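Report on the structure given below.
Because the structure is a prediction, the values reported are computed rather than measured. Hydrogens, waters and symmetry mates are skipped; everything else that's a heavy atom, side chains included, is used.
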Amino acid sequence: HYPKLLLVYFILLSVVRFLSRPVLEVDEAEQIYLAQWWFFGYGQQPPLFSWLQHVFLLLIGDPLIAVSFLKGCIYFIIFYYAYKSAMHYMHKDQAVASNLLMFFILPISIHSFRHTHTILAMAMASIAFFLWSKWSKNPNIKFSLLLGLTFGLGLLAKYNFLLVITGLVILTLYSKTLKNKKSILHILLIGFSSILIFSVHGYWLLQNFEQVHNSVSKDLKPENLTYLASILKGTFELSAVLLNFVVLVFLILLWAYRARLFRVLAKVN
């Protein structure tokens, strides 16, 4: 019943969101404004979140409730597909435990309802890894098309979703999937379908590239960072956090098994 509990939790969280804070954040207000029209592009961010917000606005009507429930749905997708992916590699109880540990990730817990495009990219990453896990074991047309669709939509969610695609490409190179000649055709199918999906917005991006580039550069200018430097800075901070976590786990294990360690050291001595 874990997926059902997740669904109930995020529905309740959405309700609490619009009852406890009956105001829109700046990013949310901007999305409500942009979601009044269907455009192929809206500025420095891809259009998928604005398109989804437009649909929820049409279905629900009230802007605050539409924002809350869209974000609730996106968070449910993040957790649900992360849980489904974990089920490929571990037992169910371990999958549930690992899924619950995601609440320790700050953008998902403390800052959860402050994000827009970022959480949508996280949701697409969660779906992409789940589909890749299926596809890598059994490359076929169905999963190839679904993975291509997810890649295309991921790029429509946030441009740096390209980093997720790059990560999955590296995983594929190290997996046994490429040994099957048919898998090469499936990879081409994934690439073609993802480009086809992104081309909806890609043409607009080419027409307005200078405007988008200037907008991004303007946002990075106060921090005196280039786009690449911004990514590297975030990667370095993530690596530092992971290293601290590994050291912490090592120290805990060292303390837990200290008696055995002392026996081994005594034998070596």
#### Entry: Residue pairs passing the ring-ring contact (aromatic ring centres under 6.0 Å, His included) test where at least one lies in residues 185-206, sequence neighbours excluded
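Residue pairs passing ring-ring contact (aromatic ring centres under 6.0 Å, His included), neighbours aside: Tyr159-His201, Phe198-His201, His201-Trp204.
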### Working for side chain to side chain contact (heavy atoms under 4.5 Å, CB included), residues Thr235 and Leu238
CA-CA 5 Å; Thr235 306; Leu238 175 63; 5.7 Å; no
Validation row: [X], [Y] side chains within 4.5 angstrom (heavy atoms):
{"X": "Ile187", "Y": "Trp135", "value": "yes"}
{"X": "Leu146", "Y": "Lys134", "value": "no"}
{"X": "Phe49", "Y": "Leu70", "value": "yes"}

### Message
Using the side-chain contact (heavy atoms from CB on, under 4.5 Å) definition, which of the options Thr166, Ile165, Ile170, Leu171 pairs with Leu168?
### Response
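For Leu168, the side-chain contact (heavy atoms from CB on, under 4.5 Å) check succeeds only for Leu171.
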[X] with [Y], same ILVMFWY side-chain cluster at under 4.5 Å:
{"X": "Leu24", "Y": "Leu19", "result": "yes"}
{"X": "Leu64", "Y": "Leu59", "result": "yes"}
{"X": "Leu189", "Y": "Phe143", "result": "no"}
{"X": "Val55", "Y": "Leu57", "result": "yes"}
{"X": "Phe18", "Y": "Ile60", "result": "yes"}

### Message
Let's go through Tyr83 and Lys92 carefully: what are the C-alpha distance in whole Å and the side-chain angles of both, what is the deciding distance for side chain to side chain contact (heavy atoms under 4.5 Å, CB included) to 0.1 Å, and is it a yes or a no?
### Response
CA-CA 9 Å; Tyr83 166 70; Lys92 187 175 182 179; 3.2 Å; yes
Hey, could you give me the [atom1]/[atom2] distance between [X] and [Y], rounded to the nearest 0.5 Å?
{"X": "Ser193", "Y": "Ile141", "atom1": "OG", "atom2": "CD1", "value": "11.5 Å"}
{"X": "Leu12", "Y": "Leu7", "atom1": "CG", "atom2": "CG", "value": "9.5 Å"}
{"X": "Ser199", "Y": "Leu155", "atom1": "OG", "atom2": "CG", "value": "11.5 Å"}
{"X": "Glu25", "Y": "Thr116", "atom1": "CD", "atom2": "OG1", "value": "10.5 Å"}
{"X": "Tyr80", "Y": "Lys4", "atom1": "OH", "atom2": "NZ", "value": "11.0 Å"}
{"X": "Leu120", "Y": "Phe161", "atom1": "CG", "atom2": "CZ", "value": "9.5 Å"}

### Query
Backbone N or O of Gly234 within a donor-acceptor pair of the Glu237 side chain at under 3.5 Å?
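Answer holds: no.
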### Query
Can any side-chain N or O of Asn244 pair as donor or acceptor with the backbone N or O of Ala240 at less than 3.5 Å?
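Pair found, side chain donor or acceptor close to backbone of Ala240.
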### Query
Given Ser50, which of Gln31, His117, Glu30, Gln45 fulfils the side chain to side chain donor-acceptor pair (under 3.5 Å) condition?
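Among Gln31, His117, Glu30, Gln45, the one that satisfies the side chain to side chain donor-acceptor pair (under 3.5 Å) with Ser50 is Gln31.
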If you count heavy atoms of other groups shown closer than 6.0 angstrom to [atom1] of [X], is the number above 12?
{"X": "Trp255", "atom1": "CH2", "answer": "no"}
{"X": "Arg258", "atom1": "CZ", "answer": "yes"}
{"X": "Tyr89", "atom1": "OH", "answer": "yes"}

### Query
Are Trp132 and Thr172 close enough, and set up right, to give a side chain to side chain donor-acceptor pair (under 3.5 Å), and what steps lead you there?
CA-CA 9 Å; Trp132 181 87; Thr172 304; 2.9 Å; yes
Of all the heavy-atom pairs spanning [X] and [Y], show the shortest one and how long it is.
{"X": "Ser14", "Y": "Ser68", "result": "OG-O, 3.3 Å"}
{"X": "Ala121", "Y": "Lys158", "result": "CB-CB, 3.8 Å"}
{"X": "Ser133", "Y": "Ser136", "result": "O-OG, 3.2 Å"}

### Task
Let me know which of Phe76, Tyr75, Phe130 forms a ring-ring contact (aromatic ring centres under 6.0 Å, His included) with Tyr81.
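That would be Phe130.
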### Partners passing ring-ring contact (aromatic ring centres under 6.0 Å, His included) against Phe79 (at least two apart in sequence or in another chain)
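Checked Phe79 against ring-ring contact (aromatic ring centres under 6.0 Å, His included); matches are Phe10, Phe103.
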### Task
Show the numbers, then the answer: is there a side chain to side chain contact (heavy atoms under 4.5 Å, CB included) between Asp93 and Tyr2?
CA-CA 10 Å; Asp93 54 345; Tyr2 181 68; over 6 Å; no
### Query
Hey, mind stepping through Phe250 and Leu254 against side chain to side chain contact (heavy atoms under 4.5 Å, CB included) and telling me if it holds?
CA-CA 6 Å; Phe250 176 73; Leu254 205 62; 4.1 Å; yes
